[in-house]
Trainee: 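Can you keep this structure in mind? I'll have questions shortly.
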4 protein chains.
Amino acid sequence: MGGRLRLGMIGGGRGSQIGDSHRLAARLDDRYTLAAGALDIDPARGRDFALELGIAPERAYADWRAMVEGERSRPDPVDLVTIATPNASHHPIAKACLEAGIAVLCEKPLATSSRDALELCRIARQHGRIGAVMYGYTGYPLVRQARAMVRDGALGRIRVVRAEFAHGGHVTEIERDSPNAAWRYDPAIAGPSGVLADAGSHALHMIAWIIGQDVAEISAHFDRIVPGRRLEDNAFLTLRYEGGAVGTLWASSVALGHRHGLRWEIFGDRASLAWQQEHPNHLVHCLVGDSPRLIERDGPGTDPWSRRSGRVSGGHSEGYFVAFANLYRDLADAIVARRSGKEVDAATYGLPDLVDGAKGVKCIEAAVESAARDGAWVSARLPDWTQEGSEQ
Amino acid sequence: MGGRLRLGMIGGGRGSQIGDSHRLAARLDDRYTLAAGALDIDPARGRDFALELGIAPERAYADWRAMVEGERSRPDPVDLVTIATPNASHHPIAKACLEAGIAVLCEKPLATSSRDALELCRIARQHGRIGAVMYGYTGYPLVRQARAMVRDGALGRIRVVRAEFAHGGHVTEIERDSPNAAWRYDPAIAGPSGVLADAGSHALHMIAWIIGQDVAEISAHFDRIVPGRRLEDNAFLTLRYEGGAVGTLWASSVALGHRHGLRWEIFGDRASLAWQQEHPNHLVHCLVGDSPRLIERDGPGTDPWSRRSGRVSGGHSEGYFVAFANLYRDLADAIVARRSGKEVDAATYGLPDLVDGAKGVKCIEAAVESAARDGAWVSARLPDWTQEGSEQ
Amino acid sequence: MGGRLRLGMIGGGRGSQIGDSHRLAARLDDRYTLAAGALDIDPARGRDFALELGIAPERAYADWRAMVEGERSRPDPVDLVTIATPNASHHPIAKACLEAGIAVLCEKPLATSSRDALELCRIARQHGRIGAVMYGYTGYPLVRQARAMVRDGALGRIRVVRAEFAHGGHVTEIERDSPNAAWRYDPAIAGPSGVLADAGSHALHMIAWIIGQDVAEISAHFDRIVPGRRLEDNAFLTLRYEGGAVGTLWASSVALGHRHGLRWEIFGDRASLAWQQEHPNHLVHCLVGDSPRLIERDGPGTDPWSRRSGRVSGGHSEGYFVAFANLYRDLADAIVARRSGKEVDAATYGLPDLVDGAKGVKCIEAAVESAARDGAWVSARLPDWTQEGSEQ
Amino acid sequence: MGGRLRLGMIGGGRGSQIGDSHRLAARLDDRYTLAAGALDIDPARGRDFALELGIAPERAYADWRAMVEGERSRPDPVDLVTIATPNASHHPIAKACLEAGIAVLCEKPLATSSRDALELCRIARQHGRIGAVMYGYTGYPLVRQARAMVRDGALGRIRVVRAEFAHGGHVTEIERDSPNAAWRYDPAIAGPSGVLADAGSHALHMIAWIIGQDVAEISAHFDRIVPGRRLEDNAFLTLRYEGGAVGTLWASSVALGHRHGLRWEIFGDRASLAWQQEHPNHLVHCLVGDSPRLIERDGPGTDPWSRRSGRVSGGHSEGYFVAFANLYRDLADAIVARRSGKEVDAATYGLPDLVDGAKGVKCIEAAVESAARDGAWVSARLPDWTQEGSEQ
């Protein structure tokens with residue numbers, strides 16, 4: 001494996017669940033050393049935490065600008081920066097990292113506007129940098145299994161998709177007491193969308209990624225169920241895909257009784273699949289004319305990519321951290337391969353890349369516009385961003 | 001109980017599953033004798049089958065007109081007529097029965113236009129006849145439990161509902177070989193809607209009936225997935241309810257892997273409920289701040305109405321026929337009570353009545369119109385039909 | 001079908017759940033008229049209830065002896081008697097009915113000693129009478145599916161079975177207040193076994209009936225968990241079958257959290273099956289080297305016998321009453337065929353017959369003896385009862 | 001945390017699943033550095049793999065004796081040795097480590113005789129060493145939740161337990177081609193028991209550990225289902241616990257259709273619990289007189305110990321590696337605390353210690369003896385081993 005890669009992290013300070021998850025996932029396969037960090041918006045707190053995590057004092061930075069500056073001038077800069085800050089800062093941080101020549105793994109949504117997201121795509125392309133977006137649930141072995149099955153034609157033509165990321169975490173006005181919840185409904189930090197950007201974006205991406213079809217048009221209805229919220233806490237989307245599939249997506253934070261709530265069904269003309277994050281080691285599969293079958297992780301006939309994405313034989317429960325770790329492990333492979341001169345990027349390894357991230361942001365924008373126009377169909381297609389001067 | 005009631009049946013001939021189900025359900029509690037029938041569009045076949053079922057020859061009618069005429073002129077006419085024909089004939093048959101003074105239990109949808117459906121409401125009202133619509137799944141003990149819980153405030157304010165009746169029975173073009181499937185996509189017989197009218201109408205009614213809120217407005221998207229179909233085989237609806245709830249409904253006959261597919265979730269600000277027809281003896285209940293609980297039929301704390309709607313102690317599986325039988329049993333009670341001079345109708349016993357049926361038809365119309373207008377919001381409110389001359 | 005059969009019932013009076021279940025099941029397919037009854041140990045109460053059920057006054061008998069006497073002297077005696085009394089009276093009643101030439105459907109256990117049970121077998125054989133035992137759960141379509149699959153070799157050689165009938169209905173000393181529970185722990189009425197005879201006997205029979213192997217030897221451990229009980233409320237059995245299978249059975253009435261608790265798994269060298277009564281419309285099937293499949297009632301590839309045992313297409317939930325009704329319907333066929341001179345008995349139709357009942361009683365005896373001998377292996381084989389003078 | 005501990009590993013070479021699992025688990029919380037290893041019975045292969053894992057050449061030992069010798073003479077010996085070899089070598093390795101002053105985490109079963117296991121207990125006690133046994137499934141947050149609930153009296157008096165570890169991994173004679181499977185049925189390596197020692201021992205320990213009652217007596221029946229096996233591949237145990245509970249345990253490797261198969265139910269007189277490893281983030285809980293509740297990991301009212309044993313908020317699936325990691329993390333705490341002079345051992349942290357391991361071995365011995373005596377009850381009580389000269 002040629003030694004560990006150097007990982008930097010921006011955001012994800014003490015008490016940040018997503019920060020812990022990233023670090024744990026990066027550690028799982030022993031491919032990274034946490035080498036640098038600007039972990040907190042409060043510089044002192046961030047530095048303290050960095051030291052505690054074993055980061056050298058000179059690389060425990062006060063803020064992300066200092067970190068990008070510091071790392072770019074070192075002989076041994078970090079190989080990858082994880083961006084685990086709230087939404088609005090993703091774009092400037094990612095931009096700075098990419099321009100500094102550092103690969104980026106950015107939390108979703110990639111930006112708060114598709115214009116910003118596309119700028120990151122262009123920069124990465126121009127500078128030949130690897131960029132990925134942390135749609136971490138795509139790392140689940142059976143989610144990868146689903147993608148492989150669709151790609152191999154096992155489902156036939158995709159007809160209908162049903163996706164949900166509807167949890168019950170915010171059924172009361174918890175943002176009064178929880179800063180961690182509060183920013184998600186603050187347009188200045190979260191961007192123009194609440195629960196759709198926060199949770200639904202995972203489901204939106206996952207379906208498109210599995211079925212290999214981008215969203216073409218969206219009709220959306222948003223509600224702010226809990227009084228006082230400035231962004232939607234419930235969103236119903238109807239979707240038309242480029243390849244002809246139709247579907248719906250439900251994002252909610254008031255789905256009382258759902259602890260997590262990411263789940264989907266995909267219906268083709270040859271077979272269907274169903275999966276849910278809370279029982280991730282099982283995938284229900286039904287062929288036309290047959291009974292439903294329960295595909296188990298690592299089970300008979302599973303795809304090699306899916307099997308490799310597990311760490312222990314089937315039947316042993318694997319969870320969220322393994323999913324996240326798969327993105328880190330594959331990204332390590334991509335970075336090492338790129339360094340050795342191979343023309344690879346995140347997508348080569350089946351990872352969600354910056355273009356996926358931009359599409360996700362575009363979908364959010366389209367949904368926001370549709371909801372404002374009482375559900376009118378709005379295009380979610382990205383403009384042609386690959387040409388010079390193709391700014392929107 | 002004062003002897004058995006006399007039941008007549010129109011439609012539901014040999015090989016008709018719904019006909020068998022009605023007869024079995026009517027027999028379950030020994031409250032009815034099958035006394036008359038016009039069971040088939042083919043008179044000879046219908047008479048043969050009627051005789052085989054033990055109907056007296058003079059009451060084995062050639063067609064429904066003969067039956068209504070014959071029964072109205074008897075000293076012992078049938079007390080109730082079940083209408084189990086395809087959609088387009090519901091209205092003329094029900095109208096004739098009601099005008100002949102016979103109570104009616106009509107399959108859904110009540111009619112193929114809301115104008116027709118409302119006419120039936122007016123006739124029943126004017127003539128003081130009992131009319132009910134066979135939303136038979138409302139007879140499940142735990143569906144009644146759900147209604148009782150909402151009515152008692154156990155869920156608080158209803159925020160979001162999610163309903164589905166999405167089966168996989170028509171994933172291929174089975175209508176080529178199956179007359180039973182074919183008429184459901186033929187506008188001349190089915191009316192203006194396919195799977196929404198056929199399956200979705202149950203879910204539409206059930207949610208409104210449980211939460212005690214009518215649908216106010218609908219935004220709908222229809223697809224004809226299997227080539228050659230003239231009516232939709234997949235429908236996505238977004239719903240706004242009179243009491244402020246929002247929701248979605250999915251009706252489909254191409255949901256491969258779903259054998260039946262009627263299921264729903266209801267989210268209030270105090271509690272949520274979830275149920276599915278394929279496992280009807282369990283209801284998932286979650287209070288704010290608590291873990292999900294599994295309410296079992298006849299289990300601790302269940303509502304007396306729900307408990308009475310079962311026939312054996314909890315744990316013993318009960319199914320579809322018991323649900324249907326509950327409507328027949330309650331309707332028998334209503335007919336007997338009315339005869340004894342009480343001012344009761346189907347709704348008194350918690351049964352879906354003709355107005356429920358008309359609302360269902362109105363929802364279908366609104367969805368059809370919305371789908372034709374690319375998802376525009378369309379009102380599903382009934383006009384004021386109770387006034388003289390209130391024809392639309 | 002040649003008219004309805006005349007059904008008599010002994011026991012199953014007002015408030016008896018099993019009585020209601022039998023009557024409902026007998027009515028489901030319209031094959032029987034309830035013509036006679038001795039429904040209650042209290043003659044007046046029994047007669048009142050019989051009249052209420054529509055039985056003619058002269059056939060509303062004061063006790064079972066009067067009924068057998070009365071019916072045998074009529075020109076139109078009942079065709080079948082259902083025996084739904086507590087265990088200890090099964091033998092004398094069944095004996096009298098069989099000797100009077102009346103077919104018998106007896107609740108389980110068939111008797112409180114195998115000697116008595118075998119006497120019934122001999123009488124039925126000598127007099128050419130049809131006798132069946134109400135192992136009613138064998139009527140579930142997917143239980144029949146399992147039997148058909150084993151018979152067809154789909155499971156290969158049966159290796160291991162796991163059966164349970166463990167409910168939580170008696171976790172407290174409810175027999176203080178519930179006569180319906182009390183007799184089940186009273187040796188004078190229940191016989192030598194409590195929950196094993198009461199619940200476990202169903203599971204014991206079902207497994208043997210499905211796998212086509214009788215129990216050869218039993219090692220049993222009984223406990224009286226709730227203080228004061230005179231018969232076991234928890235029983236663990238280890239089983240060796242004639243055909244080489246090994247297995248266990250757990251019977252309990254203190255399995256808190258189980259509402260019903262009948263379930264099993266059967267493991268062959270080619271495939272396995274698993275089923276539970278609380279979700280009876282699904283059967284889990286796993287072939288060697290494959291993923292588990294969910295066989296649904298009436299689903300793809302199901303056995304014709306299983307499909308015929310349902311009343312409505314798959315996906316519609318069916319329950320306990322349909323299972324019971326299958327025994328009544330098949331028994332009607334058997335009685336009619338016998339009357340027309342065919343050499344048939346209950347087993348011809350796949351129904352549990354008196355020999356099955358005797359085997360069940362023998363298993364209970366063996367378990368009681370084993371438990372008394374601290375789990376020593378005890379033979380559960382029936383003696384050769386078919387010879388003259390073969391009384392034990 | 002005061003820096004990472006130094007971890008040594010014996011066994012767990014390339015291709016060893018359990019070796020990978022241990023290393024991954026040890027890494028998860030960043031508390032250990034893998035510092036030394038004798039990873040393979042083939043010295044060269046073991047050294048190569050050790051180097052690949054980043055172990056310094058001088059600590060990539062040829063065999064375990066060299067490793068114990070080498071480490072005890074270093075100024076910076078390993079703090080903990082993980083023993084991941086087949087069963088028969090556990091005792092000599094653990095003995096050598098403990099005598100060398102090194103804490104031990106040993107795979108189960110701790111030894112192949114209780115005499116050997118107790119010797120390890122005595123040595124650890126005499127030398128004041130920390131020893132733990134890798135009953136890794138006890139690290140699952142909801143297994144810990146169960147233990148906490150029993151300890152707090154939430155279940156009342158434990159009446160009945162049902163445990164299984166029955167998988168379908170060896171339904172065919174896979175040991176012909178799989179060395180990894182073969183040794184498990186070889187008495188020279190596995191000891192006197194096959195699947196009971198291999199899989200069942202987890203379930204045996206887990207129940208005792210949760211309910212706080214040791215096994216008093218065992219009645220066992222063993223079968224060798226797949227021809228040619230020298231040790232049982234199916235075991236049925238009936239159990240009597242010191243505190244009065246009774247139960248059963250089923251261990252099998254021919255349970256076709258079970259991918260993993262560890263699951264249990266515990267019934268008290270106040271409440272019951274049920275759990276299964278394949279869906280480890282849910283625990284079914286039923287109070288007397290109430291409906292079943294689904295306790296989710298990190299859910300409302302869960303025990304602090306259970307909550308701390310997760311790494312991310314409830315709803316996110318966690319699996320096997322987190323369970324294992326909990327043992328490593330807690331053991332790190334124990335080692336650090338001991339070093340600082342605190343009188344702690346593994347049990348202080350709720351970890352399975354060497355005495356638990358010895359009890360497990362004793363249970364296996366008792367079961368083997370009982371099975372040889374046709375199911376006679378055999379005591380599973382440990383002798384008093386704490387006295388001088390208390391060798392059996």
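The figures here come from the full heavy-atom set of this structure, side chains too, leaving out hydrogens, waters and symmetry mates. Convention: sequence-line order gives letters A, B, ...; per-chain numbering from 1. From a predicted model like this one, the values you see are computed outputs, not experimental measurements.
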Trainee: Please look at A:H282 and chain D and tell me whether the side chain, the backbone, both or neither of the residue comes under 4.5 angstrom of a heavy atom of that chain.
Mentor: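 Just its side chain gets close to chain D.
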Trainee: Would you call A:R147 and A:D303 a salt bridge, using N to O less than 4.0 angstrom?
Mentor: no
Trainee: Take the angle between the ring planes of A:Y137 and A:F165 and call it parallel below 30°, perpendicular above 60°, tilted in between.
Mentor: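 A:Y137 and A:F165: perpendicular rings.
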Trainee: Using side-chain contact (heavy atoms from CB on, under 4.5 Å) as the criterion, list what pairs up with D:S201, not counting sequence neighbours.
Mentor: D:K108, D:I364
Trainee: Name, in order of residue number, those residues of residues 167-177 of chain A that have a heavy atom at a distance of less than 4.5 Å from a heavy atom in chain D; otherwise write 'none'.
Mentor: none
Trainee: Is it the backbone or the side chain of A:E278 that comes under 4.5 Å from a heavy atom of chain D, or both, or neither?
Mentor: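 It is both, since atoms from each part get that close.
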Trainee: In sequence, state the C-alpha distance, the side-chain angles, and the governing distance for A:R311 and A:D29, and then conclude on salt bridge (charged side-chain N to carboxylate O under 4.0 Å, His left out).
Mentor: CA-CA 10 Å; A:R311 302 289 187 282; A:D29 295 300; 2.7 Å; yes
Trainee: Could you tell me which of A:H260, A:H279, A:R259, A:E296 has the largest number of non-hydrogen atom pairs under 4.5 Å with chain D?
Mentor: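 That would be A:R259.
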Trainee: Report which part of A:S313 has an atom under 4.5 Å of a heavy atom belonging to chain D: side chain, backbone, both, or neither.
Mentor: both
Trainee: Does D:D76 have any salt bridge (Lys or Arg N to Asp or Glu O under 4.0 Å) partners at least two apart in sequence or in another chain, and if so, which?
Mentor: D:R59, D:R74
Trainee: Would you say the ring centroid of D:F321 lies under 6.0 angstrom from that of A:F321?
Mentor: no
Trainee: Please list, chain by chain and in numerical order, all residues satisfying side-chain contact (heavy atoms from CB on, under 4.5 Å) with D:P280, sequence neighbours excluded.
Mentor: A:S317, D:Y140, D:W275
